[in-house]
> 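Following this message is one structure expressed as structure tokens.
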There are 2 protein chains.
Amino acid sequence: MANHRRKESVADRVYEALKEDIFEFRLIPGDRFSEGDIGGRLNASRTPVREALYRLQREGHVEVLFRSGWQVKPFDFQQVEELYDLRITLERAAVHKICGLAEEPAALRTLTALWNPDHPSERAVGSTVRMLDESFHCDLVAAAGNREMTRIHREITDRLRIVRRLDFSRDERVDATYVEHAAILEALRNGMAREAADRLTRHIRASQRAVREITMERIREAAAAHRSEQ
Amino acid sequence: MANHRRKESVADRVYEALKEDIFEFRLIPGDRFSEGDIGGRLNASRTPVREALYRLQREGHVEVLFRSGWQVKPFDFQQVEELYDLRITLERAAVHKICGLAEEPAALRTLTALWNPDHPSERAVGSTVRMLDESFHCDLVAAAGNREMTRIHREITDRLRIVRRLDFSRDERVDATYVEHAAILEALRNGMAREAADRLTRHIRASQRAVREITMERIREAAAAHRSEQ
DNA sequence: CGTGATCAACTTGTATACATGTGAATTGGC
DNA sequence: GCCAATTCACATGTATACAAGTTGATCACG
């Protein structure tokens, strides 16, 4: 049998680096660049760079212009709304599936312990809460037991990360997250599928609204900072 | 502005050819091959072949074994079940969205005309009905107006095509498809979301059952035929 | 005959050279 | 000064050369 646990390839490294550049706004939506640029900056030849770019293209983060370079996909507000809608659809379906399972998934206990609103730790740092929030929703979907659904949800999570990080830049949203997650879990563990799904929907919609309010302003800031650096 | 209407690239051609080979069982799940094989057979260098293979890999049709060749992804029955479940989730969501729209999408009228059970044409050929059935479900999801949902549904449709084609190898399934589609559309156009969603679910589950019954037998046949050719 | 080390043929991963199209700067005409 | 045609640096698409790992056959040896 082949050994598939090989060390990280150059293509993987370039992929991760580019993804982070995009998520951290070091590459602004609309920015154009060439395969040669990236290769030079990350010390790689065009072949692995191209592989990484094609992956990012399939995931919707960049697009190629025929013989005229690449660009970070311009921000599409409607697309973000649609991704949020799709997320809600998938997570609601997951909740109903979980309530239909013969026995409660072990993951629910772990999540309940973690998202106790009285729990004092972890709450200080926004970026930590963001990652935990991501895990919460991904774990919830995973608990439903459909790997394909989990995979698609993961993909959507990746694409929304660039905007979701704005959600936790305000303390009241951090607090609300704890309360809302706890309420969702309680309903879920009591088998109240409808209740859990509705709470989950409201929770995601609240995040969506918060993000919507902050997004455009932040992007403008980042673009301005980016220009002044050049 | 860049001209994006360029002619089909070699990579595209290889991609389409490989996809058809897989769907037509000329490449059996489990078959192993190398990039060089494909390049030689389709008159292309390794670069576009690799690009095509990576696309197929992301779509779940093939996988690469580190420095040890490629193989058509072995058939995973659980994955097919999960994809069907996901399809149902998405199409149910689409139905509910459509019923929530301010006005009926124009596509519904087109579909209603096409799927009249009394309509005599088109019914003879199974492969035609298969394509029409695919269109029906894709158009239904598209009518909900969420492009991301449509895209994901399209991806799932692609991955299920290899098994769905088995559904229409029996006449009673062809007939049933007409009746079921018409009933779904009727409920949908009367704004009966619950009714339409439930009918749709039963329709897809019936297809799923039919496919499940035929799949293993067919794969065995194809594998046997394949072996005798060698 | 059985078994383990060795090795050569193949495989993918990566780098690089070449083909071809794009687009912006340049140049020439007015 | 302005505009259009031209040109050329540079972009991606493709082919090929090289690096590094896998695998299965082979051969030596018990």
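So you know, we letter chains A, B, ... as the sequences are listed, proteins then strands, and number each from 1. Since the model is a prediction, treat every value here as computed from it, not as a measurement.
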> Would you say the side chains of A:Ser207 and A:Arg173 form a donor-acceptor pair under 3.5 Å?
no

> Whole angstroms only, please: what is the CG-C1' distance between B:Asp31 and C:dT11?
17 Å

> With a cut-off of less than 4.0 Å, is there a side-chain N or O of A:Tyr54 near OP1 or OP2 of D:dT12?
no

> Tell me which of A:Ser45 and A:Arg32 sits closer to the 5' end of DNA chain C, going by the nucleotide each one is nearest to.
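It is A:Ser45 whose nearest nucleotide is closer to the 5' end.
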
> What nucleotide among D:dA11, C:dT12, D:dT14 has an atom nearest to a side-chain atom of A:Asp37?
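Nearest listed nucleotide: D:dA11.
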
> Could you give the CG-to-P distance, from B:Leu65 to D:dT23, as a whole number of Å?
8 Å

> Rounded to the nearest angstrom, tell me the gap between atom CD in B:Glu35 and atom C1' in D:dA17.
15 Å

> Just the rounded figure in Å: distance from C1' of D:dA15 to CZ of B:Arg46.
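It works out to 11 Å between those atoms.
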
> Students often mix this up, so state it plainly: with edges at 30° and 60°, are the rings of A:Trp115 and A:His181 parallel, tilted or perpendicular?
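Perpendicular: the ring planes of A:Trp115 and A:His181 meet at over 60°.
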
> Rounded to the nearest Å, what distance is computed from the CZ atom of residue A:Phe66 to the C1' atom of nucleotide C:dT20?
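Between C1' of C:dT20 and CZ of A:Phe66: 8 Å.
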
> Closest to the B:Ala44 side chain: D:dA15, C:dG13, C:dT22?
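Nearest to the side-chain atoms of B:Ala44, counting from C-beta on, is D:dA15.
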
> Between the side chains of B:Asp158 and B:His61, is a donor N or O closer than 3.5 angstrom to an acceptor N or O?
no

> From the set C:dA15, C:dG13, D:dT12, return the single nucleotide nearest to any side-chain atom of A:Thr47.
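Selected nucleotide (nearest to the side chain): C:dA15.
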
> I'd like to know if B:Arg67 reaches the base of C:dT12 with its side chain, counting only an N/O donor and acceptor under 3.5 Å.
yes

> With B:Leu83, which of B:Glu155, B:Gln78, B:Gln208, B:Arg159 fulfils side chain to side chain contact (heavy atoms under 4.5 Å, CB included)?
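Result: among B:Glu155, B:Gln78, B:Gln208, B:Arg159, B:Arg159 is the only option passing the side chain to side chain contact (heavy atoms under 4.5 Å, CB included) with B:Leu83.
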
> Closest approach to the side chain of A:Val10, judged atom by atom: which nucleotide of D:dT22, C:dT14, D:dT12 is it?
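My answer, after comparing the listed nucleotides, is C:dT14.
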
> Roughly how many Å is it from CH2 in A:Trp70 to C1' in D:dG13, rounded to a whole number?
11 Å

> In this structure, how many angstroms lie between the C1' atom of D:dA11 and the CD1 atom of A:Ile38, rounded?
13 Å

> Under a plain distance cut-off of 3.5 Å, with no hydrogens placed, do A:Trp70 and A:Glu35 share a side-chain donor-acceptor pair?
yes

> In this structure, how many angstroms lie between the C1' atom of C:dT14 and the CZ atom of B:Arg50, rounded?
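Rounding to the nearest Å, CZ of B:Arg50 and C1' of C:dT14 are 8 Å apart.
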
